[in-house]
Amino acid sequence: MPTPSRAAGAPTRAPAPWLVLLLQLAFVLLFSSGFIVGRIATDAAHPFAILFWRFVVAGSLLSVLAVAMRAPWPRTRREWRDLAATGLLLQTMQYAGTYLAFEYGISASLSAMIMGMMPLLVALGSWRLLGEPLTRMQTVGTVLGFVGLLLATVLGFGGGDGWASIVWTVVGTLGIAAGTLYQRRFGMRMDLRSGGAIQLFVGAAGMLPIALLNGGIGLPMSAPVVFSVSWLATMNTLGAITLLLYFLQNQSAGEASSLFYLMPGVTAVAAWLILDQPIHWYTLVGLAITGAGLVLVTRYTHERRARRDLDLALGESMT
């Protein structure tokens, strides 16, 4: 579990590049797994019941961890408000849209492709709203990632997925993009344990009325349902979402969200292996292009942080 958050804007020494790479790899694999397991879950039970219990289980586990580690809890009304807003965007809106699209029959690959558009939205929002422009080479990497994603999306869409499922996936994408920007702007002081637990319980509260109006919150105790809720609550929520929040506290929003460009390719490969969904040459080419773009973003992120640390050290030596 990552260490507690720091104050907004407080500089920290950059972690070792190999550790960043390892965390990024873990995040991509864990988050991508949600598209596969989510597809399995919605074939076995009502999607909103799955989401409600996923948030409840994950929030309970994180609360126990926060209490055991004596993590600080929010003290002001503003802190509670910001956690609630991020929880509704990052949890309720994102997953309600994504899982409703699964209910309408969208494939795991196309869902990941549409969700992969999120970094472009966040990069634009970071520039306009947060004053966090990417460097020139990071911009090149972001554009490369978008081109690779566009290649796989345009060539891969053959009309088999209904437009309703696409619209709902776009709603989910807007939710995670807005939640990412809000977290970066207002959630920098959040403790990842207690704050994460509150966001998950807010997500569950937001999902409850939706679930009650769409089949209720009861779940059949079948093997696919038990496995799906367990995996989504632990690996995909406690693992992937906590890593995303960690990245947002230690990188710019555009840098952190660039990892989503890899989701479609990784998900397509996993869907081919697990769900027997076909994989095509343009998916692999798109994955290679997005990987090259991510290398540029990550490389110049390290260089910029190293220059910042050097400037900070020189400034301290002169005082």
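Both backbone and side-chain heavy atoms feed into the values below; hydrogens, waters and symmetry mates do not.
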Problem - Check: Leu83 and Pro74 side chains under 4.5 Å, non-hydrogen atoms - result: yes
Handout entry: Any side-chain heavy-atom pair of Gln249 and Arg184 under 4.5 Å
Key = no
Practice task
Would you give the length of the straight line joining atom OG1 of Thr98 to atom CD of Glu103, rounded to the nearest 0.5 angstrom?
Solution key: 13.5 Å
Exercise for the section: Kindly compute the distance separating CD1 (Ile241) from CD (Gln183), expressed to the nearest 0.5 Å. Expected result: 10.5 Å
Problem - Working for side-chain contact (heavy atoms from CB on, under 4.5 Å), residues Ile198 and Trp80 - result: CA-CA 8 Å; Ile198 294 169; Trp80 284 96; 3.6 Å; yes
Practice task
Apply the test side-chain contact (heavy atoms from CB on, under 4.5 Å) to residues Thr92 and Val202: give CA-CA distance (whole Å), side-chain angles for both, the deciding distance (0.1 Å), then the verdict.
Solution key: CA-CA 8 Å; Thr92 304; Val202 169; 5.5 Å; no
Mind listing the closest non-hydrogen atom pair of [X] and [Y] along with its distance?
X	Y	value
Leu232	Gly34	CD2-CA, 4.1 Å
Ile106	Arg39	O-NH1, 2.6 Å
Ala96	Ile210	CB-CD1, 4.5 Å

Is the backbone of [Y] close enough, under 3.5 Å, to the side chain of [X] for a donor and an acceptor to pair up by distance?
X	Y	answer
Arg193	Leu62	no
Arg54	Val229	no
Glu79	Thr76	yes
Ser194	Ala71	no
Gln91	Thr86	no

Fill in the blank from the handout: Sorted by chain and residue number, the side-chain contact (heavy atoms from CB on, under 4.5 Å) partners of Val171 (sequence neighbours excluded) come out as Met93, Trp168
Handout entry: Chi angles and distances behind the side-chain contact (heavy atoms from CB on, under 4.5 Å) call for Leu89, Gln94
Key = CA-CA 6 Å; Leu89 291 170; Gln94 177 201 173; over 6 Å; no
Problem - Summary of side chain to side chain donor-acceptor pair (under 3.5 Å) pairs that have at least one residue in residues 213-228, sequence neighbours excluded - result: none
Exercise for the section: Starting from the C-alpha separation in whole Å, work towards a yes-or-no answer on side-chain contact (heavy atoms from CB on, under 4.5 Å) for Leu90 and Leu245. Expected result: CA-CA 10 Å; Leu90 204 59; Leu245 296 174; 4.0 Å; yes
Practice task
Sequence neighbours left out, what pairs pass ring pair (Phe, Tyr, Trp, His ring centres under 6.0 Å) with at least one residue falling in residues 41-63?
Solution key: Phe55-Tyr95
Exercise for the section: Give me the ring orientation class for Tyr99 and Phe102: parallel if the planes are under 30° apart, tilted from 30 to 60°, perpendicular past 60°. Expected result: perpendicular
Fill in the blank from the handout: Only residue of Val56, Ile217, Leu212, Leu51 satisfying side-chain contact (heavy atoms from CB on, under 4.5 Å) with Met207 is Leu51
